[in-house]
Amino acid sequence: MMIFETIIKLILCHLVGDYVLQIDFIAKSKGDNIYHLLVHCLLYCLPFYICFGFVWQLIPLLVLHIIVDLLKARYKLIPYWLDQIIHYLTCLLYLI
């Protein structure tokens with residue numbers, strides 16, 4: 001698979017996982033409810049699992065998504081734009 005195709009798949013996986021699969025209720029409550037945060041993070045990883053299978057990159061993708069979203073949603077330490085940059089950089093693990 002060409003690197004360009006992989007990057008397009010990674011972008012699409014991120015968009016589907018972070019937006020399409022996250023209902024309003026989860027988006028609004030994940031800062032107050034750790035269970036909802038974990039549900040969001042697991043659903044975020046689903047498109048990556050479907051596209052790439054269960055590979056080692058899926059584990060740090062999940063763990064880092066949990067950490068970053070905790071810092072953003074619960075503790076308000078990371079602004080939205082930085083949250084997205086970190087998520088996209090994390091996706092680059094799939095290029096290794």
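Along the sequence shown, the residues carry numbers beginning at 1.
Rounded to the nearest 0.5 angstrom, I67 CD1 and C41 SG are separated by 10.0 Å. A distance of 11.0 Å separates CD1 in I11 from OG1 in T6, rounded to the nearest 0.5 Å.
Nearest heavy atoms, C13 versus P47: SG-O, 3.5 Å. When every heavy atom of I96 is checked against every heavy atom of Q57, the shortest pair comes out as O-NE2, 3.5 Å. Among all heavy-atom pairs drawn from T90 and P60, the shortest one is CG2-O, 4.4 Å. Among all heavy-atom pairs drawn from L37 and I66, the shortest one is CD2-O, 4.1 Å. The two residues G17 and H40 make their nearest non-hydrogen contact at O-CE1, 3.9 Å. The minimum heavy-atom distance between A27 and Q22, with the atom names listed, is CA-OE1, 3.4 Å.
Criterion: ILVMFWY side-chain heavy atoms under 4.5 Å apart, direct or through other members. Under it, I7 and L58 are part of a common hydrophobic cluster. A single hydrophobic cluster is not seen to contain both L64 and L15; linkage of ILVMFWY side chains at heavy-atom distances under 4.5 Å, directly or through other members, places them apart. Linking Ile, Leu, Val, Met, Phe, Trp and Tyr residues whenever their side-chain heavy atoms come within less than 4.5 Å leaves L93 and I50 in two separate clusters. Under the 4.5 Å side-chain contact rule for hydrophobic residues, Y88 and I86 share a cluster. With hydrophobic clusters built from ILVMFWY side chains whose heavy atoms lie under 4.5 angstrom apart, F52 does not share a cluster with L12.
With a 4.5 Å cut-off on side-chain heavy atoms, H87 and D83 count as touching. A heavy-atom distance below 4.5 Å is found between the side chains of Q84 and D18. Taking the side chain as every heavy atom from C-beta outward, I26 and L43 never approach each other to under 4.5 Å. Side-chain contact between F54 and I59 is present, with heavy atoms from C-beta onward closer than 4.5 Å.
Side-chain atoms of R74 do not come within 3.5 Å of backbone N or O of K30 as any donor-acceptor pair.
Atom CZ of F4 has 12 or fewer neighbouring heavy atoms from other residues, nucleotides or ligands inside a 6.0 Å radius. Atom OH of Y94 has more than 12 neighbouring heavy atoms from other residues, nucleotides or ligands inside a 6.0 Å radius.
With Y44 as the partner, the side-chain contact (heavy atoms from CB on, under 4.5 Å) test is satisfied by one option alone out of V39, L62, L61: L61.
Aromatic ring orientation, H14 versus Y19: perpendicular (interplanar angle above 60°, classes split at 30° and 60°).
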Would you sort out whether H36 and F25 count as a side-chain contact (heavy atoms from CB on, under 4.5 Å), showing the intermediate values?
CA-CA 9 Å; H36 295 163; F25 173 73; 3.4 Å; yes
Do L10 and L95 pass the side-chain contact (heavy atoms from CB on, under 4.5 Å) test, and can you show the C-alpha distance, the side-chain angles, and the key distance before you say yes or no?
CA-CA 9 Å; L10 291 171; L95 298 179; 4.2 Å; yes
